[in-house]
Amino acid sequence: MAKDESRVTRQRRHLRVRAKVKGTPLGPRLCVFRSLSHIYAQVIDDSKGHTLVSASTLDPEIKSAVAGKNKTTQSELVGSLVAKRALGKGIAKIVFDRGGYKYHGKIKALAEAARKEGLKF
């Protein structure tokens, strides 16, 4: 499969997921995006269209801890950081938006780390 085809199919899967997953003030959406080198996570309230909390491998808090680790471990660090920030803002329950990616590898590691920190989804 060509690079453009795989990106288009991921976007189609993402639209299918987004048709079912909506973030509300009571249960905002934890959205995940991964590039070749980094992973990003945001907690979004779709009713207002605001990002409540975000974390990525580029955050100064974990940038030094991320250096030299494999990408799955980096995802775990991002998942725990976004969970700590969400819990700090009083967000305990979320809905998970895997962004069209398979629930496998880095995406699964991020989700499980967020669950371990105390987020419910």
Side-chain angles (χ1 to χ4, degrees):
M1 188 180 316
K3 187 190 298 186
D4 289 337
E5 283 181 51
S6 62
R7 186 177 56 220
V8 169
T9 55
R10 184 194 73 81
Q11 288 171 341
R12 282 188 193 147
R13 281 193 307 270
H14 191 195
L15 289 173
R16 268 198 313 267
V17 169
R18 284 299 312 279
K20 298 171 189 166
V21 175
K22 297 283 185 236
T24 64
L26 297 175
R29 175 172 57 98
L30 174 60
C31 181
V32 178
F33 174 76
R34 65 183 176 97
S35 68
L36 287 177
S37 7
H38 299 288
I39 191 155
Y40 308 85
Q42 297 181 18
V43 177
I44 302 168
D45 177 4
D46 286 321
S47 63
K48 293 181 183 174
H50 286 97
T51 299
L52 306 171
V53 176
S54 68
S56 75
T57 52
L58 297 171
D59 270 319
E61 274 183 53
I62 60 170
K63 193 165 187 170
S64 61
V66 164
K69 300 266 181 10
N70 66 21
K71 291 180 184 178
T72 306
T73 308
Q74 292 176 8
S75 298
E76 290 173 359
L77 292 170
V78 171
S80 63
L81 179 62
V82 77
K84 286 177 189 172
R85 289 180 178 175
L87 291 170
K89 286 219 172 180
I91 301 165
K93 188 172 189 230
I94 58 158
V95 292
F96 188 65
D97 176 11
R98 57 191 172 86
Y101 304 107
K102 291 181 179 179
Y103 187 79
H104 171 75
K106 293 176 258 186
I107 304 298
K108 184 177 179 182
L110 188 145
E112 289 180 355
R115 276 191 189 105
K116 192 182 290 184
E117 287 295 326
L119 281 183
K120 303 262 189 278
F121 49 110

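In this chain, residues are counted from 1 in sequence order. The figures that follow rest on heavy atoms only: side chains count, while hydrogens, waters and symmetry mates do not.
In this structure, Phe33 and Ser56 have side chains that are not in contact, with every pair of non-hydrogen atoms separated by 4.5 Å or more. Contact check for Val17 versus Arg98: side-chain heavy atoms found under the 4.5 Å cut-off. Counting heavy atoms from C-beta outward, Val78 and Lys106 have side chains that stay 4.5 Å or more apart. Side chains of Ser47 and Thr24 form no contact here, defined as non-hydrogen atoms less than 4.5 Å apart. Taking 4.5 Å as the limit, every side-chain heavy atom of Val21 sits out of range of all side-chain heavy atoms of Phe96.
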Step-by-step salt bridge (Lys or Arg N to Asp or Glu O under 4.0 Å) determination, Lys84 to Glu61: CA-CA 12 Å; Lys84 286 177 189 172; Glu61 274 183 53; over 6 Å; no

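Side chain of Asp97 to backbone of Cys31: no donor-acceptor contact under 3.5 angstrom is found. Checking side-chain atoms of Lys108 against main-chain N and O of Lys102 turns up no donor-acceptor pair under 3.5 Å.
Within a 6.0 Å sphere centred on NZ of Lys22, other residues, nucleotides and ligands contribute more than 12 heavy atoms. Around CZ of Arg10, the count of heavy atoms belonging to other residues, nucleotides or ligands within 6.0 Å exceeds 12.
Atom CG of Asp45 is separated from atom CD1 of Ile94 by 13.0 Å, given to the nearest 0.5 angstrom. Note that CD of Glu112 and OG of Ser80 are 13.0 Å apart. Values are rounded to the nearest 0.5 Å. Note that NZ of Lys93 and CG of Leu30 are 14.0 Å apart. Values are rounded to the nearest 0.5 Å.
Note: the hydrophobic cluster containing Val32 does not contain Ile44 (ILVMFWY, side chain heavy atoms under 4.5 Å, direct or indirect links). Grouping the Ile, Leu, Val, Met, Phe, Trp and Tyr side chains by contacts below 4.5 angstrom, directly or via other members, places Val53 with Ile107. Linking ILVMFWY side-chain heavy atoms closer than 4.5 Å, directly or via other members, places Leu119 and Tyr103 in a single hydrophobic cluster.
Residues forming a side-chain hydrogen bond (donor to acceptor under 3.5 Å, both in side chains) with Arg34 (at least two apart in sequence, or on another chain): none. The side-chain hydrogen bond (donor to acceptor under 3.5 Å, both in side chains) search around Glu76 returns none, not counting sequence neighbours. Qualifying side chain to side chain contact (heavy atoms under 4.5 Å, CB included) partners for Leu77, counting only residues two or more places apart in sequence or in other chains: Ile62, Ala65, Val66.
Across all non-hydrogen atoms, the minimal contact from Thr72 to Gly105 is CG2-O, 4.4 Å. For Ser35 against Tyr40, the heavy-atom pair with the smallest separation is OG-CE1, 4.2 Å. Scanning all heavy atoms of the two residues, the minimum distance from Ser75 to Ile39 falls at OG-CD1, 3.6 Å. Considering every non-hydrogen atom in both Leu87 and Ala92, the closest pair reads CD2-CA, 4.0 Å. Heavy atoms only, all atoms of each residue included: Phe121 and Ala111 are closest at CZ-O, 3.4 Å. Between Leu110 and Ala41 the shortest heavy-atom distance is CD1-CB, 4.2 Å.
Gln74 and Thr57 share no donor-acceptor pair across their side chains, judged by distance under 3.5 Å alone.
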